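Residue numbers start at 1 and run along the sequence shown. The structure presented is a predicted model; accordingly, all values stated were derived computationally and were not measured.
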Amino acid sequence: MSAAVETISEAKSFGGVQGVYSHPAASTACTMRFSVYLPPQAEEGPVPVVYWLSGLTCTEDNFTTKAGAQRYAAESGMAVVAPDTSPRGDGVADDEAYDFGQGAGFYVNATEEPWRAHYRMYDYVVEELPALIATHFPVDPARAGIMGHSMGGHGALVCSLRNPERFRSISAFAPICAPMRCPWGEKALAGYLGPDRAAWTEYDATELVRGLRDDRAILVDQGLADGFLAEQLKPELLEEACREAGRPLTLNRRAGYDHSYNFIASFIGDHIRHHAAVLGALGA
């Protein structure tokens, strides 16, 4: 492995290897951390890969240690990559609020000061990280998908909708479906992109679905006991946009489930199998 990628830890897991790594990232102009799970099948050659984008306040560690994805990734022969949620470090702009600044990158390319120097998480997820992973790990970049939770669900939807050739399969847990119409999204998009709402549409999944046409199916799981459901997440708006656009959407409304990793761990196997079915078929 190149000296540009530092190994922080590696451990055996379900016959494969769960690792955590760091590297100097050009797009965010800071050191970024990410985790990679390689299933046992990776010992025989390149495997499909799915990227996970985490939510507000998270790092790469939350998903890696709480979701229980390794068992299902090993069964399906899928690599799973989970980057941090934002740039971090000395000199990286921050904010006292939990929903803005470090830990809250919103997967956009910021255009406003002081955020534009480092907060380019869209470029990091779409371009820099996949290129790094393809160079240093045995994955097949032609068979890549993306999924995420909450803010990361928003990021996964946006990154895939705008880059169907890069991310061939899509899913999300409790995503922020219409950030232009919720407090979290309005705050983040105004802060990172400025007051022109026309610029925000590139980062709003509901608006993108209305304007883009392709037939890739979207899988979304949403807990009905999620305290953020009505005000922040608004899956009904994505559902309406998909229906109007003729876009296949499976929206599972899960009674009794909240916004936590208990919810994610309960259904992560379904999502891994969803991506494996799509990406496996591409390699058939």
Side-chain angles (χ1 to χ4, degrees), residues 1-25 31-55 57-85 88 103 124-125 128-149 152 156 167-169 171-173 219 221 260-284:
M1 186 174 294
S2 167
V5 176
E6 178 184 353
T7 300
I8 296 171
S9 67
E10 289 184 333
K12 195 79 169 177
S13 179
F14 295 99
V17 176
Q18 177 63 66
V20 178
Y21 310 92
S22 69
H23 75 112
T31 297
M32 294 292 295
R33 288 170 59 113
F34 61 93
S35 76
V36 179
Y37 177 71
L38 291 176
Q41 295 88 337
E43 295 181 1
E44 305 300 322
V47 295
V49 56
V50 61
Y51 291 82
W52 169 272
L53 304 183
S54 291
T57 76
C58 290
T59 69
E60 78 291 335
D61 184 63
N62 300 74
F63 174 79
T64 304
T65 59
K66 295 180 179 181
Q70 292 87 349
R71 176 191 296 274
Y72 304 105
E75 291 172 355
S76 299
M78 295 275 296
V80 183
V81 178
D84 199 351
T85 52
R88 298 182 195 269
Y124 182 71
V125 169
E128 185 169 5
L129 182 60
L132 184 84
I133 296 299
T135 299
H136 294 287
F137 298 90
V139 305
D140 180 357
R143 292 186 291 161
I146 193 166
M147 59 182 177
H149 171 230
F167 302 112
R168 308 294 295 275
S169 54
S171 74
F173 288 86
L219 171 63
D221 271 84
S260 73
Y261 267 87
N262 295 307
F263 162 55
I264 295 168
S266 298
F267 301 105
I268 190 65
D270 294 343
H271 285 243
I272 294 289
R273 287 187 286 268
H274 164 77
H275 289 276
V278 175
L279 302 176
L282 293 174

**OP:** Give the ring-plane orientation class for Y51 versus F167, where under 30° counts as parallel, over 60° as perpendicular and anything between as tilted.
**Re:**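 The arrangement is perpendicular - the two ring planes meet at more than 60°.
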
Original post:
Is the F137 ring parallel, tilted or perpendicular to the F34 ring (thresholds 30°, 60°)?
Top reply: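 Answer is perpendicular, since the angle exceeds 60°.
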
Any side-chain heavy atom of [X] within less than 4.5 Å of one from [Y]?
| X | Y | result |
| --- | --- | --- |
| V20 | D61 | no |
| M147 | I268 | yes |
| H149 | W52 | yes |

Subject >> Any donor-acceptor N/O pair, T85 side chain to C58 backbone, under 3.5 Å >> reply: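 Yes, the answer is positive, given that a donor and an acceptor are paired below the 3.5 Å cut-off.
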
Original post:
Which one of E60, E6, E10, H136 satisfies the side chain to side chain donor-acceptor pair (under 3.5 Å) criterion with Y21?
Top reply: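 With Y21 as partner, side chain to side chain donor-acceptor pair (under 3.5 Å) holds for just one option, E10.
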
Original post:
Residues in side-chain hydrogen bond (donor to acceptor under 3.5 Å, both in side chains) with Y124, at least two apart?
Top reply: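 Residues passing side-chain hydrogen bond (donor to acceptor under 3.5 Å, both in side chains) with Y124: H23.
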
Can you name the nearest heavy-atom pair linking [X] to [Y], along with the distance?
| X | Y | answer |
| --- | --- | --- |
| I8 | S22 | CD1-CB, 3.9 Å |
| A172 | H271 | O-CE1, 3.4 Å |
| A156 | L53 | N-CD1, 3.5 Å |
| I146 | V50 | N-CG2, 3.9 Å |
| R143 | L279 | CD-O, 2.9 Å |
| Y261 | S54 | OH-OG, 3.8 Å |

**OP:** State, without any angle test, whether S169 and H274 hold a side-chain donor-acceptor pair at a distance under 3.5 Å.
**Re:**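 Result is no, nothing qualifies.
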
Original post:
Between the side chains of S260 and N262, does any donor sit under 3.5 Å from an acceptor?
Top reply: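 Their side chains do contain a donor-acceptor pair, which is all the 3.5 Å distance test asks for.
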
Subject >> Residue pair Y37, F63: steps toward the side chain to side chain contact (heavy atoms under 4.5 Å, CB included) verdict >> reply: CA-CA 11 Å; Y37 177 71; F63 174 79; over 6 Å; no

Mind listing the side-chain donor-acceptor pairs of residues 41-49 below 3.5 Å, one per line with the distance, residues two or more places apart or on another chain?
residue	atom	partner	partner atom	Å
Q41	NE2	A74	O	2.9

